[in-house]
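Worksheet: one structure, shown below.
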Amino acid sequence: MDTTRLAHLVDKIHEHSFTLACAESLTGGQLAGTVVNIPGVSEIFRGGVVSYATDVKASVLGVSRERLALTGPVDEQVAIQMARGACRVLNADIGISTTGVAGPGPHDGHPAGTVWIGIAGVVGEKAELYHFDGDRVSVRAQAVNAALELLEGSVLRLP
């Protein structure tokens, strides 16, 4: 997402008096870093949690340990629970999450490029599955862009 579009998204979130938080795994803080590049984002951005290790998803974000044991971290419900956890831990209205496999190879039975992006809060809850091509750097960049587009679509639907 280009800077102009992202700045417009930040403005829209601010117009609704909402706040935003991130919960990241494979993107390792890159999503939060992209968001904070926008001037004025301090009005809406609460922070981010990089929950790279599976146990951190449970202990910090409150993701169900049972779900993690059943499916592993690359899962629709895990993505939603991570986004919920970001809202709770960081006292935000909207949470966005990324979880998946950046590569170079498969992990837990999922091929590289498999990514779930979750969203929760005042925009509702959902997760989207993506299959990205490319190397590790490319997969992570595509995941950040897809997360911002999912956020944009959810925010622009608000009255």
Side-chain angles (χ1 to χ4, degrees), residues 1 6 9-10 13 18-37 41 44-155 157-158:
M1 177 176 293
L6 183 52
L9 175 56
V10 167
I13 294 170
F18 293 144
T19 54
L20 174 67
C22 299
E24 300 181 65
S25 186
L26 83 148
T27 50
Q30 191 173 339
L31 176 57
T34 301
V35 170
V36 300
N37 281 333
V41 75
I44 63 121
F45 190 62
R46 299 285 300 154
V49 173
V50 177
S51 56
Y52 206 75
T54 300
D55 65 302
V56 175
K57 291 170 182 64
S59 64
V60 175
L61 294 172
V63 174
S64 162
R65 290 182 192 279
E66 293 78 18
R67 185 68 184 195
L68 288 165
L70 179 68
T71 65
V74 185
D75 174 72
E76 176 182 21
Q77 286 304 310
V78 170
I80 290 170
Q81 290 179 30
M82 287 174 65
R84 264 191 223 141
C87 288
R88 180 184 50 78
V89 169
L90 296 166
N91 192 30
D93 300 303
I94 303 167
I96 188 89
S97 70
T98 62
T99 186
V101 182
H107 186 70
D108 284 342
H110 300 283
T114 305
V115 176
W116 280 100
I117 298 172
I119 192 163
V122 296
V123 294
E125 292 186 351
K126 71 176 176 178
E128 297 283 337
L129 175 63
Y130 299 85
H131 298 282
F132 299 123
D133 291 322
D135 65 9
R136 185 175 175 76
V137 171
S138 175
V139 167
R140 292 177 70 228
Q142 290 173 81
V144 167
N145 193 61
L148 293 171
E149 288 181 354
L150 180 63
L151 177 63
E152 179 183 50
S154 298
V155 168
R157 282 189 201 87
L158 293 171

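All residue numbers refer to positions in the sequence shown, counting from 1.
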Pro73 and Leu68, any side-chain heavy atoms less than 4.5 Å apart | yes

Listed once per pair and sorted, the side-chain hydrogen bond (donor to acceptor under 3.5 Å, both in side chains) pairs that draw on residues 106-126, sequence neighbours left out | Arg84-Glu125

Can you list every side-chain hydrogen bond (donor to acceptor under 3.5 Å, both in side chains) pair that touches residues 67-80, not counting sequence neighbours?
-> Arg67-Asp75

Shortest non-hydrogen contact between Phe132 and Ala146, atoms and distance = CZ-CB, 3.8 Å

Taking all non-hydrogen atoms of both residues into account, name the closest pair between Ala112 and Pro104 and its distance.
-> CB-O, 3.7 Å

Does the side chain of Val122 come within less than 4.5 Å of Ile94's, by heavy atoms?
-> yes

Indicate yes or no for a side-chain donor-acceptor contact from Lys57 to the backbone of Gly62 under 3.5 Å, with no hydrogens or angles considered.
-> no

Ignoring hydrogens and angles, tell me if any N or O in the side chain of Glu24 forms a donor-acceptor pair with the backbone of Ala32 under 3.5 Å.
-> yes

Taking the side chain as C-beta and beyond, is there a heavy-atom pair between Leu148 and Leu31 under 4.5 Å?
-> yes

Please walk me through it: do Asn91 and Thr19 pass side chain to side chain contact (heavy atoms under 4.5 Å, CB included)?
-> CA-CA 8 Å; Asn91 192 30; Thr19 54; over 6 Å; no

Taking the side chain from Arg46 and the backbone from Ala92, do they hold a donor-acceptor pair closer than 3.5 Å?
-> no

Does a side-chain heavy-atom distance below 4.5 Å link Ser51 with Val60?
-> no

Over all atoms of both residues, closest heavy-atom pair of Val101 and Val139 = O-CG1, 3.9 Å

Is the shortest heavy-atom distance from the side chain of Leu158 to the side chain of Phe18 under 4.5 Å?
-> yes

Check Ala79 against Thr99 and note the closest heavy-atom contact, atom names and distance.
-> CB-CG2, 4.0 Å

Calculate, to the nearest 0.5 Å, the distance between atoms OG and CD belonging to Ser97 and Gln81 respectively.
-> 10.0 Å

Would the number of heavy atoms belonging to other residues, nucleotides or ligands and lying under 6.0 Å from CG of Asp133 be above 12?
-> no

Can you tell me if Thr34 and Gln30 form a side-chain donor-acceptor pair at under 3.5 Å?
-> no

Pairwise distance CZ(Arg136) to CG(Leu26) - rounded to 0.5 angstrom | 8.0 Å

How many angstroms lie between atom CG of Leu150 and atom CD1 of Ile117, to the nearest 0.5 angstrom?
-> 6.5 Å

Can you name the closest pair of heavy atoms from Phe45 and Ala21 and give their distance?
-> CE1-CA, 4.3 Å

So do Ile13 and Leu151 actually touch side chain to side chain, heavy atoms under 4.5 Å?
-> yes

Where do Cys87 and Gly121 come nearest, in terms of heavy atoms and distance?
-> SG-CA, 4.2 Å

